[in-house]
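Reading through the structure tokens given below for one structure.
The basis for the numbers below is simple: all heavy atoms, side chains too, and nothing from hydrogens, waters or symmetry mates. Note that this is a predicted model, so its numbers are computed, not measured.
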Amino acid sequence: MPRANAQPVTGAPTFLDLRELMSFPQDFADAWSGEKRPTIPLRVVLEARSDYAFVGELVETATAWLRDQGLDEDPGADIVAQVLSAPSFAMSADLNGTTTVWHAVVLRRVEDGVPPYELLVRVRATVKKRHFPEGASTAVPAAITAKDLHLDLIDLADDAEVGVLMDHYISMVRELGPMRSARTLPYNILVLGNPHELGCADTPADWQQQLTFLADAFDANITFERGPSVAGVPKNLMCLVRFDPFAGELPRKKKADGSDDQDEIEHTAIEARFTTFKEAFQRICAALNAFEPPQTSDEFTPRDLKPGEKIYHRKIGNAVGYDRFNAGSTESCQHTTEYVRYYNSDKAVKGFKRRYTNFEPSWMHHCKQGGCGMYAVFCPS
């Protein structure tokens with residue numbers, strides 16, 4: 001059953017982002033458990049009075065896994081601190097008095113005498129919410145009732161591993177039944193042909209749903225057509241996938257220099273009859289990950305915020321249902337460089353979501369000076 005409050009807080013560009021291990025993991029873990037106004041999903045459902053012994057148990061699990069792999073055991077605490085306090089993917093869902101949470105992050109580790117390697121780290125936790133036991137007058141704080149730490153060695157030098165990562169992403173999203181907030185997606189994906197009908201081995205019955213989840217992760221709408229050809233293609237095309245490269249013709253477009261000569265539209269051609277769906281999925285993932293959005297001189301064109309980016313905006317007006325902001329700069333207002341987390345403006349959130357395609361409400365801050373009108377967007381690093 002879908003859970004209406006479940007939605008990923010990040011899309012694929014952040015999920016696939018490679019992180020270095022933290023230098024001072026205990027500092028991050030202490031800050032995470034002591035936050036007064038938490039924003040990370042697992043910490044949001046816990047309380048100051050909750051039992052945090054599970055953190056140490058996760059460290060023990062990570063350390064044992066590293067030992068079994070013949071790797072240095074010391075990073076166990078670093079791995080757990082990163083996935084708990086600075087995940088690149090996080091989502092949660094409520095059901096029957098409990099909350100299920102997924103956190104995930106991709107980490108790189110460099111050791112003496114060992115080739116550099118990458119890890120996919122995922123934590124799945126079930127939290128029983130704060131409640132009053134029958135007949136009790138004192139509430140029991142929220143507590144972890146089940147937890148799992150999953151670690152996988154990956155090789156990001158291999159394009160196929162992007163597909164492996166996105167398969168994990170989709171499995172986490174699928175479990176919690178996401179419902180993204182209504183938003184305008186900037187790109188489009190067009191898929192021609194049916195891999196199942198073409199004999200693509202192991203094609204699942206829900207292959208369209210899997211690709212729809214994948215498109216959403218890359219902030220794109222997806223359209224399926226039987227093919228083999230199509231009269232036209234959507235605007236802002238991110239990727240065109242063709243499961244039968246030899247059937248029919250694709251529309252053509254004018255050359256980049258504006259001449260009347262025409263080029264065939266670039267596309268990902270997959271011979272579905274001679275491949276597996278897993279291999280096809282990996283190729284599509286690699287194509288989406290390699291997509292470079294066209295450069296534009298319009299400063300108001302929606303774009304992704306980069307990790308660690310800080311942009312200051314002044315409110316310049318109102319529109320129907322959302323606030324309008326100026327182009328933004330890296331300079332703060334004259335009052336202070338100290339900005340506080342801003343919680344109380346749905347219209348401001350909607351305004352920033354029109355400016356930044358990966359914007360999250362927890363990134364919005366405001367000048368401490370009352371009535372200043374200067375906002376700040378701080379994208380986590």
Side-chain angles (χ1 to χ4, degrees), residues 1-17 19 28-29 31-55 57-58 61 79-106 120-131 139-151 165-183 209 213-214 216-217 219 341 343 346 349 353 358-364 379-380:
M1 181 180 74
R3 306 169 195 184
N5 68 323
Q7 51 182 294
V9 300
T10 60
T14 308
F15 179 67
L16 297 172
D17 184 40
R19 306 279 189 87
F28 280 86
W32 178 78
S33 60
E35 275 191 309
K36 293 182 178 179
R37 292 185 174 182
T39 57
I40 302 297
L42 182 54
R43 179 61 184 84
V44 166
V45 294
L46 295 173
E47 304 168 53
R49 295 193 302 126
S50 295
D51 184 355
Y52 289 89
F54 75 93
V55 177
E57 295 169 3
L58 292 178
T61 301
I79 289 169
V80 172
Q82 183 79 259
V83 74
L84 289 182
S85 12
S88 57
F89 168 95
M91 65 183 300
S92 64
D94 297 332
L95 184 66
N96 299 331
T98 65
T99 300
T100 300
V101 183
W102 272 109
H103 281 198
V105 70
V106 181
L120 170 62
V121 186
R122 294 175 296 146
V123 166
R124 182 187 186 281
T126 303
V127 181
K128 186 172 179 59
K129 294 183 177 182
R130 181 177 182 269
H131 64 284
V140 175
I144 299 280
T145 59
K147 62 190 181 303
D148 294 293
L149 178 68
H150 307 265
L151 297 105
L165 284 173
M166 293 313 301
D167 190 52
H168 284 296
Y169 178 99
I170 289 172
S171 69
M172 292 184 287
V173 171
R174 185 197 299 275
E175 179 194 347
L176 297 188
M179 287 182 59
R180 286 262 197 177
S181 300
R183 58 196 181 123
Q209 185 185 53
F213 280 135
L214 181 65
D216 184 78
D219 288 330
R341 170 83 169 83
Y343 293 86
D346 290 339
V349 167
K353 283 188 174 182
N358 61 338
F359 176 79
E360 296 298 333
S362 62
W363 302 352
M364 186 172 69
C379 182

Atom of [X], atom of [Y] and distance for their closest heavy-atom approach:
X	Y	value
Arg19	Ala86	NH1-O, 2.8 Å
Leu16	Met166	CD2-SD, 3.9 Å
Ser88	Phe15	OG-O, 3.8 Å
His168	Leu120	CD2-CD2, 3.2 Å

Going by side-chain hydrogen bond (donor to acceptor under 3.5 Å, both in side chains), name the residues that satisfy it together with [X], two or more places apart in sequence or in a different chain.
X	answer
Lys128	none
Thr99	Asp94
Arg130	none

What's the spacing between [X] [atom1] and [Y] [atom2] if we round to 0.5 Å?
X	Y	atom1	atom2	answer
Ile40	Leu46	CD1	CG	12.5 Å
Phe89	Met172	CZ	CE	4.5 Å
Asn96	Lys129	CG	NZ	10.0 Å
Leu42	Phe54	CG	CZ	5.0 Å

Run the salt bridge (Lys or Arg N to Asp or Glu O under 4.0 Å) test against Asp51 and tell me which residues pass, sequence neighbours left out.
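For Asp51, no residue satisfies salt bridge (Lys or Arg N to Asp or Glu O under 4.0 Å) once neighbours in sequence are set aside.
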Counterpart residues, salt bridge (Lys or Arg N to Asp or Glu O under 4.0 Å), relative to Arg124 (two or more places apart):
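Here the qualifying residues are Glu175.
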Find out whether [X] and [Y] are in side-chain contact, i.e. whether some heavy atom of one side chain is under 4.5 Å from a heavy atom of the other.
X	Y	result
Val55	Val80	yes
Tyr169	Ser171	no
Leu149	Arg122	no

Tell me which donor-acceptor pairs under 3.5 Å the side chains of residues 139-148 have, and how far apart each pair is, sequence neighbours excluded?
residue	atom	partner	partner atom	Å
Thr145	OG1	Thr126	O	3.2
Lys147	NZ	Glu57	OE1	2.7

Under the rule for ring pair (Phe, Tyr, Trp, His ring centres under 6.0 Å), what residues qualify as partners of His150, not counting sequence neighbours?
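With sequence neighbours excluded, His150 shows a ring pair (Phe, Tyr, Trp, His ring centres under 6.0 Å) to Trp102, given in chain and number order.
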For the side chain of Ser85 and the backbone of Gln82, is there at least one donor-acceptor N/O pair under 3.5 Å apart?
no
With no hydrogens and no angle check, is any side-chain donor or acceptor of His103 less than 3.5 Å from a backbone partner on Pro87?
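Not a single qualifying donor-acceptor pair exists.
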Set out, in order, the CA-CA distance, both residues' side-chain angles and the distance that settles side chain to side chain contact (heavy atoms under 4.5 Å, CB included) for Leu176 and Thr100, then state yes or no.
CA-CA 8 Å; Leu176 297 188; Thr100 300; 3.7 Å; yes
Please test Met364 against Val349 for side chain to side chain contact (heavy atoms under 4.5 Å, CB included), starting from the C-alpha separation and ending with a verdict.
CA-CA 8 Å; Met364 186 172 69; Val349 167; 3.7 Å; yes
Side chain to side chain contact (heavy atoms under 4.5 Å, CB included) between Ile170 and Leu214, worked out
CA-CA 7 Å; Ile170 289 172; Leu214 181 65; 4.1 Å; yes
Using the side chain to side chain contact (heavy atoms under 4.5 Å, CB included) criterion, which residues pair with Val44? Sequence neighbours excluded.
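Per chain and number, Val44 pairs via side chain to side chain contact (heavy atoms under 4.5 Å, CB included) with Pro38.
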